[in-house]
There are 2 protein chains.
Amino acid sequence: MGDVICTVDVVLLTLRTAALHVLLHRREREPFQNVLALPGGYVHPHTDRDTRDAALRVLQDKLGIQSPYLEQLATFSGPARDPRGWSVSVAYYALVPENLIGNGKDCSGTTALCPVDDLRGLPFDHAQIVETAVHRVRNKSSYSSLPMHLCQAPFTLPQLQTVYEAVLGEPLNKVSFRRKMDELAVLEAIPGAFSSGNAHRPAQLYQLKPAWRHALSVTERGI
Amino acid sequence: MGDVICTVDVVLLTLRTAALHVLLHRREREPFQNVLALPGGYVHPHTDRDTRDAALRVLQDKLGIQSPYLEQLATFSGPARDPRGWSVSVAYYALVPENLIGNGKDCSGTTALCPVDDLRGLPFDHAQIVETAVHRVRNKSSYSSLPMHLCQAPFTLPQLQTVYEAVLGEPLNKVSFRRKMDELAVLEAIPGAFSSGNAHRPAQLYQLKPAWRHALSVTERGI
DNA sequence: TAAATAGTGTCTTTAAGACAATATGCC
DNA sequence: GGCATATTGTCTTAAAGACACTATTTA
């Protein structure tokens with residue numbers, strides 16, 4: 001009964017040039033040594049408090065990324081998804097602003113940021129896991145504050161609207177968008193802080209209220 | 001690495017007297033022998049194609065229930081949730097109409113149907129799993145055809161509305177409800193079939209279109 | 001025909017979207 | 001001042017809810 005391989009995989013998503021990208025990591029060992037794949041690894045029952053802990057450890061050890069927005073996605077299982085044998089992978093997805101990537105390790109070709117709509121050659125069932133994650137993120141973004149975790153604070157409302165539009169893939173009504181952001185009630189204006197340097201009116205800068213740094217607010221009827 | 005216990009648990013929900021109930025099963029073995037708990041068991045890598053398959057097997061073997069609406073809920077893990085050791089449980093939830101329960105085995109005290117808002121003494125972290133399932137079902141019911149799987153076909157629209165109201169815990173506008181059922185587009189009227197036996201106008205009988213027996217339809221703005 | 005519930009028409013209220021006017025920085 | 005974008009006001013449109021009217025059965 002104990003011959004089930006138990007792993008975690010992390011789909012780390014970010015926004016680059018208005019398109020969702022996933023961070024892939026070059027595998028150090030067999031199977032699929034040197035192939036780009038989702039960062040993941042065995043659950044370490046002696047040190048991990050749970051699978052979420054294992055996912056955070058993977059992010060820290062393999063990518064040097066700490067404390068992103070992290071949520072359980074789904075669990076994938078079966079005899080064929082991993083050549084080592086019958087396996088269970090608890091998948092998580094993380095959202096980070098682009099600037100957070102590369103601050104840690106790498107810079108050496110061990111990671112790559114790939115557009116989620118143009119992925120090829122992923123090992124295991126990682127293509128399906130990424131697809132599930134992207135679907136979840138796009139869906140959840142349509143009624144919640146989720147995309148705010150892709151935005152580097154401080155940010156302006158027009159910048160945030162651009163992020164929402166990139167994730168959702170459709171233009172949004174400016175007035176409605178602002179009404180919705182107000183309804184979500186997770187942003188706080190930074191007093192006296194405005195965007196600058198542009199040849200036009202500066203915009204108010206905002207940040208997530210601290211209580212919402214790792215939580216979501218949802219609207220009744222969608223963004 | 002292989003010393004992680006891998007199990008599935010199933011939260012089987014039904015509606016009895018307008019209240020959500022969960023089907024519990026008396027454990028045949030240690031730990032918690034003879035205690036009522038969620039039906040569950042080890043993943044069998046030699047026979048299960050995946051964890052969903054394991055959940056269906058558990059439903060069949062322990063409860064004699066086949067082919068309900070079944071969906072993955074979440075995965076629960078950690079060193080303390082199971083006294084046997086560090087464990088991962090992939091939880092599923094199933095929805096069935098009440099009449100389907102008891103057609104199989106039991107009738108002998110090995111199972112019990114308990115109201116989800118009045119559960120005590122559940123072993124493991126099963127209380128948390130049930131709570132998560134109920135939360136998921138209530139939330140998903142607010143914008144989808146999910147509650148239809150709690151309804152024995154054929155059913156009338158007023159009956160279905162009662163089911164939605166029971167799950168959501170609030171009264172619904174009759175006209176809006178019918179507009180939404182029309183928008184979901186998953187029901188088909190059974191030609192010439194009407195409810196009868198009551199001292200009032202009979203109601204048209206409906207059933208799920210076959211394509212939607214194991215799928216969900218969702219609305220843009222909620223029920 | 002009275003009672004009870006099913007089913008529908010329509011008015012009111014509320015939310016969403018379109019449009020435009022004003023605000024404010026930098027050149 | 002002129003330009004570009006931010007922000008806000010307000011009108012239009014669409015969805016949701018309230019209410020009431022008609023329909024159809026049994027007692």
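Note on naming: letters A, B, ... go to the chains in the order of the sequence lines (proteins, then strands), and numbering restarts at 1 for each one. For the numbers below, each heavy atom of this structure counts, side chains included, while hydrogens, waters and symmetry mates do not.
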Integer-rounded Å distance: D/dA16 C1' and B/Glu220 CD: 15 Å

In whole angstrom, give the distance that lies between atom CG of A/Leu187 and atom P of D/dT7. 12 Å

Identify each atom pair where a protein N or O and an N or O of nucleotides 9-15 of chain D are less than 3.5 Å apart, giving names and distance.
none

Nucleotide C/dA6, atom C1' - distance to CG of B/Asn173 in whole Å: 15 Å

When rounded to whole Å, the NZ to C1' distance for the pair B/Lys174 and C/dG9 reads 12 Å

Rounded distance in Å - CD (B/Glu183) to P (D/dG17): 12 Å

Check for a donor-acceptor pair, side chain of B/Gln66 on one end and backbone N or O of B/Gln60 on the other, with a separation under 3.5 Å. no

Take atom CG of A/Leu205 and atom P of D/dA6, then tell me their distance rounded to the nearest Å. 12 Å

Side-chain donor or acceptor of B/Glu165 paired with backbone N/O of B/Leu172 under 3.5 Å: yes

Return yes if some donor-acceptor pair links the side-chain N/O of B/Arg57 with the main-chain N/O of B/Asp48 below 3.5 Å, else return no. no

Which distance, rounded to the nearest 0.5 Å, do you find between the CZ of A/Arg178 and the CG of A/Asn173? 11.0 Å

Describe, in one word, how the ring planes of A/His149 and A/Tyr69 are oriented to each other, choosing from parallel (under 30°), tilted (30 to 60°) and perpendicular (over 60°). parallel

One should read off an interatomic distance between B/Asn139 CG and B/Ser144 OG, to the nearest 0.5 angstrom, of 9.0 Å

Pairwise N/O distances under 3.5 Å, protein to nucleotides 25-27 of chain C:
{"residue": "C/dG25", "atom": "N2", "partner": "A/Ala199", "partner atom": "O", "Å": "2.8"}

Got a donor-acceptor contact below 3.5 angstrom from the B/Arg27 side chain to the B/Ala37 backbone? no

Within residues 137-165 of chain A, residues whose heavy atoms come under 4.0 Å of DNA chain D: A/Pro158

Distance-only polar pair, side chains of A/Tyr92 and A/Thr51, donor-acceptor under 3.5 Å: yes

Nearest-Å distance for atom pair CE/P, residues A/Met181 and C/dA15: 17 Å

Going from CG on B/Leu70 to CG on B/Asp53, what distance comes out if it is rounded to the nearest 0.5 angstrom? 10.5 Å

Would you check if there is a donor-acceptor pair between the side chains of B/Ser195 and B/Thr156 at a distance under 3.5 Å? no

Go through it in stages, so that I can follow the logic: the residues are A/Asp118 and A/Arg120, the test is side chain to side chain contact (heavy atoms under 4.5 Å, CB included), and I'd like the CA-CA distance, side-chain angles, deciding distance and then a yes or no. CA-CA 7 Å; A/Asp118 181 33; A/Arg120 277 184 300 270; 2.9 Å; yes

Report the distance from atom OH of A/Tyr206 to atom P of D/dA6, rounded to the nearest whole Å. 12 Å

